[in-house]
Amino acid sequence: MAECRFVEIAVLTAVHAGYARYLPAAWRSLCAQTHTDWSWYVQVDGPRTPEIPTALIGCGATDDPRVHLAFNGTREGPGITRNVALGRITAPLIQNLDADDELEPTALADLSAALTTEPTAGFAVGPARDLLGSGELRPFPHDPAPGRLDRGALLDAWVTTPDTYRLPVHPAGVLWRRDLLLTAGGWAALRGMEDTALLMSASALAPGIVISTPTLRYRKHHLQHSTRPSIFEGGGGANISRQGPCGRPPRGPGLADARALNPVAQDGG
């Protein structure tokens, strides 16, 4: 799929101090993007502590003017944290990236190109692959068929039975039109369901589009809430914890001077 070269994309990551260790890998996945007109909004759910600035300094992210770091100051949860960052973003397209996940190298190019070809679509999403601790990427065998998603189609395909919780697409890897995000009210204040509730309400408001190429690397690890008691099994339509589809971290607002937040790390080079 051809790259949409002139569309600015804001990548939004909510994170708390406990997930700082994953930010360098998320950063490297952004640096590998074939679509380079992006900015990264890292919103920290919590007070100004050194863990996040240290991680971003260590991987070189703070040297990139496209990176913006900010702190909530208090713990508010992932939904509110994402919405705080959303209020600071003016780019027309917004890509969610959870702190412990990675984007495939062509994700921003392919998803933005899909929205360009479907001007009425409010969001675009592609398959996700499980990123295992060994580094292996494992595809999910039941990805959704590529093409247009009519309004309400996701709700119709959402399975919530006593034994199965299944979504047709991965809610953590969506590229959103900012206007639709604002119309839908941003991420929902539903614990463990922030992504899914937004996806369902937005898909009732506007059609979407599914592409065939993988866009998200969904990291599996013991800290994620979605492993309790079960985990998302892949990109596209997986069994997810009855507690909700994402147990992901929060984010943080602008990174104007991360080195000033952590003079010890700065002095250490």
Say you draw a straight line from [atom1] of [X] to [atom2] of [Y]; how long is it, rounded to the nearest 0.5 Å?
{"X": "Thr90", "Y": "Glu8", "atom1": "OG1", "atom2": "CD", "result": "6.0 Å"}
{"X": "Asn96", "Y": "Glu194", "atom1": "CG", "atom2": "CD", "result": "10.5 Å"}
{"X": "Asp63", "Y": "Leu56", "atom1": "CG", "atom2": "CG", "result": "10.5 Å"}
{"X": "Leu108", "Y": "Leu30", "atom1": "CG", "atom2": "CG", "result": "7.0 Å"}
{"X": "Tyr218", "Y": "His170", "atom1": "OH", "atom2": "NE2", "result": "5.0 Å"}
{"X": "Met200", "Y": "Leu205", "atom1": "CE", "atom2": "CG", "result": "13.0 Å"}

Between [X] and [Y], is there a donor-acceptor pair closer than 3.5 Å when you use the side chain of the first and the backbone of the second?
{"X": "Arg151", "Y": "Pro207", "value": "no"}
{"X": "Arg129", "Y": "Pro214", "value": "no"}
{"X": "Ser29", "Y": "Leu103", "value": "yes"}
{"X": "Arg177", "Y": "Ala121", "value": "yes"}

May I ask you to test the [X]-[Y] pair for a side-chain heavy-atom distance under 4.5 Å?
{"X": "Arg82", "Y": "Asp98", "value": "yes"}
{"X": "Leu86", "Y": "Leu182", "value": "yes"}
{"X": "Leu198", "Y": "Leu181", "value": "yes"}
{"X": "Ser112", "Y": "Leu175", "value": "yes"}
{"X": "Thr120", "Y": "Glu118", "value": "yes"}
{"X": "Asp45", "Y": "Asn72", "value": "yes"}
{"X": "Leu23", "Y": "Cys59", "value": "no"}

Minimum heavy-atom distance between [X] and [Y], given as atom pair plus value:
{"X": "Ala20", "Y": "Ile52", "answer": "CB-CD1, 3.6 Å"}
{"X": "Gly46", "Y": "Phe71", "answer": "O-CB, 3.9 Å"}
{"X": "Ile9", "Y": "Ala91", "answer": "C-CB, 4.4 Å"}
{"X": "Ala184", "Y": "Ser201", "answer": "CB-OG, 4.0 Å"}
{"X": "Gln95", "Y": "Leu111", "answer": "OE1-CD1, 3.3 Å"}
{"X": "Thr116", "Y": "Pro119", "answer": "O-CD, 3.9 Å"}

**Study point:** Listed once per pair and sorted, the ring pair (Phe, Tyr, Trp, His ring centres under 6.0 Å) pairs that draw on residues 92-135, sequence neighbours left out
**Key:** Phe123-Trp176
Review point. Can a salt bridge be assigned to the pair Arg28 and Glu102 using a cut-off of 4.0 Å between side-chain N and carboxylate O?
Key: no
Check your understanding: Is a salt bridge present between Asp64 and Arg66, judged by a nitrogen-to-oxygen distance below 4.0 Å?
Key -> yes
Exercise for review: Please lay out, stage by stage, how Val125 and Leu199 fare under the test side-chain contact (heavy atoms from CB on, under 4.5 Å).
Suggested key: CA-CA 11 Å; Val125 63; Leu199 186 61; over 6 Å; no
Exercise for review: Would you kindly say whether Thr106 and Glu104 are connected by a side-chain donor-acceptor distance under 3.5 Å?
Suggested key: no
Exercise for review: Specify whether His68 and Tyr41 have parallel, tilted or perpendicular ring planes, treating 30° as the upper limit for parallel and 60° as the lower limit for perpendicular.
Suggested key: parallel
